[in-house]
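Written below as structure tokens is the structure these notes are about.
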Amino acid sequence: MRPRGGRSGESPISSRTHSEMLLTATALPAADAARHGLVNQLTGEGEALDAAMTLAGRIRAHSPQATRITRQVVDATRGLDDYTAFTVQDPLTEPVFATASAAEGTRAFRDKRSPAWSR
């Protein structure tokens, strides 16, 4: 129960549950994984692909540049305190405000329409 290269202590679940899983090599049922924040969404049998495609569509509706930078920020700031996270985040996000995507987002908001992102 640890990401490749990660420490076994990096877990959103309680240390007791984490220890039990590590010591017993017991799989965590999906409902328990959701309750502990290890999965974002549960689906019915055979519905996972549809749910994943819906999520992908929601992500794709946003600016590709902003989505890419957001992913970088999430990866770069994981586990950091707020002050350090903002220090790391700011140089990554600042250039986005000068992009064509930012201008298109502003125009679309002003015109009350969906943005037409360049891909």
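In this text, all values refer to a predicted model and were calculated from it rather than measured experimentally.
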Are any side-chain N or O atoms of Q65 and backbone N or O atoms of V96, one a donor and one an acceptor, separated by less than 3.5 Å?
no
How many angstroms lie between atom CD1 of I69 and atom OG1 of T93, to the nearest 0.5 angstrom?
8.5 Å
Give a yes or no on whether the backbone of T17 and the side-chain of S14 come within a donor-acceptor separation of less than 3.5 Å.
yes
Partner residues of T54 under the side-chain hydrogen bond (donor to acceptor under 3.5 Å, both in side chains) criterion, sequence neighbours left out
none
Specify the closest pair of heavy atoms between L42 and A30, including all atoms of both residues, with the distance to one decimal.
CD2-O, 3.6 Å
Quick check: closest heavy atoms across A51 and T43, and the distance to 0.1 Å?
CB-CG2, 3.4 Å
Closest approach of V88 and A76, non-hydrogen atoms and distance?
CG1-CB, 3.8 Å
Checking T84 now: which residues fulfil side-chain hydrogen bond (donor to acceptor under 3.5 Å, both in side chains) with it, not counting sequence neighbours?
D81
Distance in Å, L38 CG paired with M21 CE, rounded so as to fall on 0.5 Å steps:
6.5 Å
At their closest point, which heavy atom of L28 faces which heavy atom of H36, and how far apart are they?
CD2-CD2, 4.2 Å
Could you state the interatomic distance from CD (Q41) to CG (L55), rounded to the nearest 0.5 Å?
7.5 Å
Residue pair W117 / S101: nearest heavy atoms and the distance that separates them
CZ3-O, 3.1 Å
Over all atoms of both residues, closest heavy-atom pair of L92 and P95:
O-CD, 3.6 Å
Starting at OG1 of T24, measure out to CD of E20 and round the result to the nearest 0.5 Å.
5.5 Å
So, taking the atom named OG1 in T26 and the one named CG in D32, what distance separates them when rounded to the nearest 0.5 Å?
11.5 Å
Within a radius of less than 6.0 Å around CZ of R113, do more than 12 heavy atoms belonging to other residues, nucleotides or ligands occur?
yes
Rounded to the nearest 0.5 Å, the CG atom of D82 sits from the OG1 atom of T87 at a distance of 10.5 Å
Which residues satisfy the side-chain contact (heavy atoms from CB on, under 4.5 Å) test with R78, sequence neighbours excluded?
R71, V74, D75
